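Scroll down for the structure; my scribbles are underneath it.
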Amino acid sequence: MYIIEVASECAPVSKVGGLADVVGGLSAELSLRGNAVEIILPFYDCMRYDQIFNLTVSYNYLPVPWFDGAIPCVVWFGLVHGRRCFFIDPQSKDNFFRRNTFYGCDDDIMRFAFFSKAALEFMLQTNRRPDVIHCHDWQTGLLPVLLFEIYKFHGMENQRVCYTIHNFKHQGKCGNEILAATGLNRPEYYFDYQQLRDNHDPFALNCLKGGIVYSNFVNTVSMHHAWESRFTDYGFGLVHTLNMHQHKIGGILNGIDYNTWNPEIDRFIPFQYTTATLENKYKNKEALRKRFWLYHDARPIISYVGRLDNQKGIDLICHTAHYAVNNGAQFVLLGTCSDHSIYEKFLSLKNQLNDNIHCHIELGFDEDLSHLIYAGSDMVIVPSAFEPCGLSQMIAMKYGTIPVVRSTGGLVNSVFDRDYSDVPWYERNGYTFTHMDNCGIESALKRAVGLYYDYPGHFRSLMEIAMSYDFSWNIPGKHYENVFDFIKHK
Ligand code: ADP
């Protein structure tokens, strides 16, 4: 099959969160399975250029219709860890992707609407006719709309779209200027509830909804979240739309890329290890303490790696920092945040605990450092309010680091409580809690820290079970292939 992934992120060149890991990991798996896979990405100025091999101009002049004129684009080509990537580089005074940031600009919706249009224009003008175009999140929600309303009539009638939603909260709501910009026009047609009109704001169009309505298959990143999004508040206002299109909705649990996340071959940690050489994990723990000036003793290290967003359970993360230092554990945090008030909150936590020899808070994005934290910690927390899939618990488990998570979304499909789960004991791999409050997370942390101190042998067995889980892309890759094959023949 010929598959083109169109996304706003791809690890490790442009990564903000899990979307990047998924695009990178899934593409590699689909190629391994014998498919021809290409990835189309924006040419951001803040990408990790050191991770792109042989970056060259592939197409010098790609005019992309925009409002009444066109914006010429240069299309670059490069290999990202063997993956064939094309980067769209618009040449206009808007400087859509030269903002020194991936997201967070006032015109984000215009930027990514342009990107969606440019990706299709690139396929059209270079005669690329993939069997399946795989789009991700609101940023590419307009792509299937443009494909089936415009490009289909210019020789792209056989292309099919699978649309994967990694986060229902961000939907790309906008006004009708987007219709004039992309050439869709006809506001009276698109401002309809069957079409792109937002279900709650009658004056807004909704890019994510457009993706759901127009794609041939809509997927979210875990089975449990596929259910939650249709039957609970986690559909963020799109429950009705999802139910109208229920015949084409599915959920596939993400995998992780074991070429990147594997303690056996990880070059970002000083001591590689497997289940047979678990003592090396403790050398990484010492390295982590050394790096963060933490006190060396028998305490377990509890960590958090991730975006600092309300979705992620900000209060519970802060509470864990205090709980850990007051209850015989240490706490390490690596996180980024775009919200000013949340940033202030963590800055103040950092100041409060700055002199504590059992705590370190690092505010920033550092992929290389995240490897050492996963390897050197004993437990990670994922206390999310909602979590479509969540990768950090799966990454942590590969490193023998026990996840302590709230039972929601993909966490339900990947973490099974050691004491209370109904799966057999040899499949129980972590700790879970339900209530989104201090007592809830404490109930799980207490059990995890208790096992660590009181039954080290049992704790070690739990680590071995977690490490033996297969969260590779092998099985999800097969599921995606089945979905693509199914829509290809429709
Ligand atoms: P989300 O997609 O909601 O951000 P996921 O758990 O699905 O959450 O994926 C997060 C990914 O991003 C993981 O690979 C995690 O290690 C990484 N990550 C998040 N924040 C940081 C950070 N500040 N530094 C390094 N890696 C990070």
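Start at 1 and go down the list; that is how both ligands and their atoms are numbered. Just so it is clear, the structure is predicted and the values come from calculations on it, not from any experiment.
In this structure, Tyr103 has its ring center no closer than 6.0 Å to that of His170. The distance between the ring centers of Tyr163 and Tyr214 does not fall below 6.0 angstrom. Ring-centre distance between Tyr44 and Phe102: below the 6.0 Å cut-off. For Phe292 and Phe331, the distance between ring centers is not under 6.0 angstrom.
Cation-pi check for Lys398 over Tyr258 is met; the charged atom lies under 6.0 angstrom from the ring centroid and within 45 degrees of its normal.
Ring orientation note: the planes of Tyr399 and His371 are nearly perpendicular, at an angle over 60° on the 30°/60° scale. Taking the six-membered ring for Trp and thresholds of 30 and 60 degrees, His360 and Trp293 have ring planes inclined between 30 and 60 degrees apart.
Atom numbering of ligand 1 starts at 1 in the shown order; those under 4.0 Å from a heavy atom of Tyr374 are 15 (C), 16 (O). Residue Ser392 has at least one heavy-atom neighbour below 4.0 Å for each of these atoms of ligand 1: 6 (O). The distance from ligand 1 to the heavy atoms of Arg307 drops below 4.0 Å at these ligand atoms: 1 (P), 3 (O), 4 (O), 19 (C), 20 (N). Every atom of ligand 1 is numbered from 1 in the order shown, and the set under 4.0 Å from a heavy atom of Ile395 is 14 (O). Within ligand 1, counting atoms from 1 as listed, the ones closer than 4.0 Å to a heavy atom of Gly335 are 23 (N).
Residue contacts with ligand 1, taken as heavy atom pairs separated by less than 4.0 Å, do not involve Leu369 at all. Residue Asp21 touches ligand 1 through its side chain alone, judged by heavy-atom distances below 4.0 Å. Under 4.0 Å from ligand 1, the heavy atoms of Val305 that appear belong solely to its side chain. Contacts with ligand 1 closer than 4.0 Å are made by side-chain heavy atoms of Lys15 only, the backbone lying farther away.
At under 3.5 Å, a nitrogen or oxygen of Gly364, whether backbone or side chain, sits near a nitrogen or oxygen of ligand 1. Between Leu391 and ligand 1, an N or O atom pair is found at a separation short of 3.5 Å. Ligand 1 has no N or O atom lying under 3.5 Å from any N or O atom of Gly17, backbone or side chain. Ligand 1 has no N or O atom lying under 3.5 Å from any N or O atom of Trp261, backbone or side chain.
Nearest protein heavy-atom neighbour of atom 2 (O) of ligand 1: Gly18 N, 2.6 Å. Scanning the protein for heavy atoms near atom 27 (C) of ligand 1, the closest one is Phe365 CE1, 3.5 Å. Closest to atom 19 (C) of ligand 1, if we only count protein heavy atoms, is Gly306 CA, 3.4 Å.
Using 4.0 Å as the threshold, Pro388 has no heavy atom nearer than that to any atom of ligand 1. Ligand 1 lies out of reach of Cys389, whose nearest heavy atom is not under 4.0 Å from it. Between Asn167 and ligand 1 there is no heavy-atom distance shorter than 4.0 Å.
Heavy-atom proximity to atom 3 (O) of ligand 1, evaluated over Gln393, His371, Lys312, Glu9, is greatest for Lys312. Distances from atom 25 (C) of ligand 1 to the heavy atoms of Leu363, Asp366, Thr336 put Asp366 nearest.
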Original post:
When you look at Asn216 and Phe486, which way does the side chain to side chain contact (heavy atoms under 4.5 Å, CB included) test go after all the steps?
Top reply: CA-CA 10 Å; Asn216 304 95; Phe486 173 67; over 6 Å; no

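Here salt bridge (charged side-chain N to carboxylate O under 4.0 Å, His left out) pairs that include residues 377-395, with residues two or more places apart or in two chains, are Lys285-Asp378, Lys312-Glu387.
Residue-environment remark: CZ (Phe53) stays at or below the threshold of 12 foreign heavy atoms within 6.0 Å. Taking a 6.0 Å sphere around CG of Asp106, one finds it holds 12 or fewer heavy atoms contributed by other residues, nucleotides or ligands.
How far CG of Leu238 is from NZ of Lys209: 7.5 Å, rounded to the nearest 0.5 Å.
With sequence neighbours excluded, the residues forming a side chain to side chain contact (heavy atoms under 4.5 Å, CB included) with Ala113 are Trp66, Leu142, Ile178, Thr182, listed by chain and number.
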